[in-house]
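Encoded as structure tokens, the structure appears first; notes follow it.
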Amino acid sequence: MISVSVAMQRRNYGYLIWNLVIRDFKIRYRNMSLGIFWSLLNPLVLMLVLTFVFTRIFRPQGVENFHISVLSGLVVFSFFSLAWQSATVSIWANAALLKRVPMPRELLPVSTVLANALHFLIQIGLLLGLAIAAGYQPALRWFWLVYVLGMEIVFVCGLSLASSALDVYFRDVRYVVESANTVLFWLVPIFYSFTMIPERYRTLYQYNPIAAVVLACRTVIMENRVPPETLLVKLTAVSIGTLALGFMVFRRLKSRFADYL
Amino acid sequence: MACVIFENVSKTYARQSRQFFWRFLLQMLTGREPLSVRALDNVSFSLRDGEGLAVVGPNGAGKSTLLALAAGLLQPDRGRVHVTGRVVALLELGSGFHPDLTGAENLRVNAALLGLTRRETNAIFDQVVEFAELRDFINEPLRTYSHGMILRLGFAIAVHAQPEILLIDEVMAVGDQRFQHKCLRKISELRQQGKILICVSQAPAELRPFCDYAIWLERGHVVQQGPAGEVLEAYQRYVMNDSPDAAKAGASAPGARLS
């Protein structure tokens, strides 16, 4: 008979997740004279230079505030891409810890995604600042962003749970993820608008949660409208489905992690 | 009530000379079982509140595997491991420490890793710093610490994390001799409070006061198990004599079963 029962007395892992997230955040800019200001400064510099390029140099005809459109795409995509890639290797990167500390292994990819989400939040703040500077009126509808971006975090958590668990057995997974990100960069409407996509691909695009999140952000910020219901439903379904699937894959694979690390 | 029960526990590791994928493919094609190493073979014991177990044996005997199983870090291939109670595993001091974080920050992360809540961490914070003798350096980054300071911090956090079951792997070499004595005193205090202790060490003499039982392992097999005095003495004799028959003699002897 194979059975293990290790009684975990504590079901509340909030404090541990908080600590792991904060640890990640602190480590990144520790030892820098400007400290965590870099998490503000880095995206700000990028956004300013892109604003310059897309308002003064490259201005597609008939598109208003192209820089806001590009930036909302970039911010959404870069969180997705960075979080997924760093979470995929999170089990390997913390192998020393996993071999010695009994804790739920799920917390590692999840906390890595959440640490990235902290940077994401800062960038969203900057993006909204630029949107206001470009003349868009802040509105209550902007709170829809919280839901939409929350769904993106859920989606990335699901993907990362699956990919990080698979990466323990097949280290090639990290390169698969890297390639997938390169492909997705062009298949998510960052440098083009949703209306440019031919009709027959549009439904497919809506099932790509990242494309859907980009579209929803643009709708909310630039058109000051609530994202279409069909989009919200698809986004929610795909994100929660992915999370459930991710947990299932992780659960199946985690029992032999220690043997392969 | 806390307890640690092993019932006929075996653990094998797959050889990792090939990547998992190719091993898997080869196994499918040839139908052969993959090469494996048996780290632990049919080990049984049971510990209840207030009992201590010493695990002795040469390198590669399976001592660390036994601790990892008890900590829930590994799952057995065969048999059953049953653990109830809060386990604090001191397998390698300072695992989970980050060099760029300060001592205080590392203390908090580590306490959370051991399962403490924010309130519990705040409650023990000062005691830990006091015990580790790091009052003046607790806000310095860990990379400026000496090896001994890091070990002291790790040990201090673990013993203050209210363990019900304490697993210790060869950590008696912590810090200087004075601090070693402090550690031993702390362990003995925990033992008096009725905590379960499983420890692995090459130095049986230090362990004897804390352990009621002992298991002598050799290549995953139990050579002898029973009351600590007997087993540790037999092991000591074997180590000193270095005679090849001793292990065999021990193996054939009717090993006393633990309660």
Side-chain angles (χ1 to χ4, degrees), chain A residues 1-32 35 92-105 107-108 111 115 165-173 176 253-261, chain B residues 2-3 7-9 11-14 16 19-21 24 68-102 105-106 108-121 141 143 164 167 169:
Chain A
M1 179 178 56
I2 302 170
S3 102
V4 176
S5 55
V6 173
M8 280 291 187
Q9 310 72 31
R10 191 157 286 107
R11 298 260 171 256
N12 176 13
Y13 292 107
Y15 185 57
L16 178 51
I17 293 182
W18 167 254
N19 264 290
L20 291 174
V21 169
I22 290 301
R23 179 181 76 149
D24 216 81
F25 193 76
K26 279 179 178 165
I27 288 168
R28 198 171 309 196
Y29 298 109
R30 188 53 59 92
N31 301 331
M32 311 294 155
W92 264 108
N94 290 291
L97 194 65
L98 288 186
K99 281 183 183 175
R100 290 174 195 105
V101 182
M103 63 179 220
R105 277 74 181 92
L107 296 188
L108 279 173
S111 70
L166 283 169
D167 188 66
V168 174
Y169 298 92
F170 309 104
R171 287 188 77 170
D172 318 55
V173 167
V176 175
L253 296 179
K254 73 171 175 182
S255 61
R256 295 191 70 81
F257 277 1
D259 298 357
Y260 289 96
L261 288 177
Chain B
C3 68
E7 284 170 15
N8 308 97
V9 172
K11 176 73 196 171
T12 34
Y13 293 110
Q16 300 211 13
Q19 274 302 304
F20 176 78
F21 177 75
F24 185 71
L69 283 162
L73 296 166
L74 291 176
Q75 300 208 12
D77 312 313
R78 271 190 282 136
R80 216 171 77 91
V81 175
H82 182 78
V83 177
T84 317
R86 186 199 192 99
V87 180
V88 170
L90 258 168
L91 302 189
E92 193 161 303
L93 288 176
S95 42
F97 280 171
H98 194 284
D100 282 340
L101 296 180
T102 66
E105 287 167 335
N106 272 304
R108 286 181 183 282
V109 173
N110 224 254
L113 283 170
L114 293 178
L116 267 65
T117 61
R118 185 188 302 273
R119 191 177 303 142
E120 288 169 329
T121 308
R143 64 189 145 77
E164 286 172 288
L167 310 177
D169 194 356

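The analysis underlying the following values was restricted to heavy atoms, covering all of them including side chains, and did not include hydrogens, waters or symmetry mates. Below, chain A is the first sequence line, B the second, and so on; all start at residue 1.
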(request) State the OG1-CD distance between T84(B) and E164(B), to the nearest 0.5 angstrom. (result) 9.5 Å
(request) Drop me the distance from F257(A)'s CZ to L74(B)'s CG, to the nearest 0.5 angstrom. (result) 13.5 Å
(message) Among L107(A), L97(A), N94(A), which residue has the highest count of heavy-atom pairs closer than 4.5 Å to chain B?
(response) L97(A)
(message) Let's test your reading of the structure: which of I22(A), N19(A), L20(A) forms the most heavy-atom pairs below 4.5 Å with chain B?
(response) N19(A)
(message) So which atom in L73(B) and which in R105(A) form the shortest heavy-atom distance, rounded to 0.1 Å?
(response) CD2-NH2, 3.4 Å
(message) What part of I17(A) gets within 4.5 angstrom of chain B, counting heavy atoms only: side chain, backbone, both, or neither?
(response) neither
(request) Give, for atom CE of M103(A) and atom CG of L16(A), the distance between the pair rounded to the nearest 0.5 Å. (result) 5.5 Å
(message) Heavy-atom cut-off 4.5 Å, strictly under: side chain, backbone, both or neither for R119(B) against chain A?
(response) neither
(request) Return yes when atom CH2 of W18(A) has more than 12 non-hydrogen atoms of other residues, nucleotides or ligands closer than 6.0 Å, and no otherwise. (result) no
(message) At a heavy-atom distance under 4.5 Å, which candidate from L167(B), V9(B), V88(B), D100(B) has the highest pair count against chain A?
(response) D100(B)
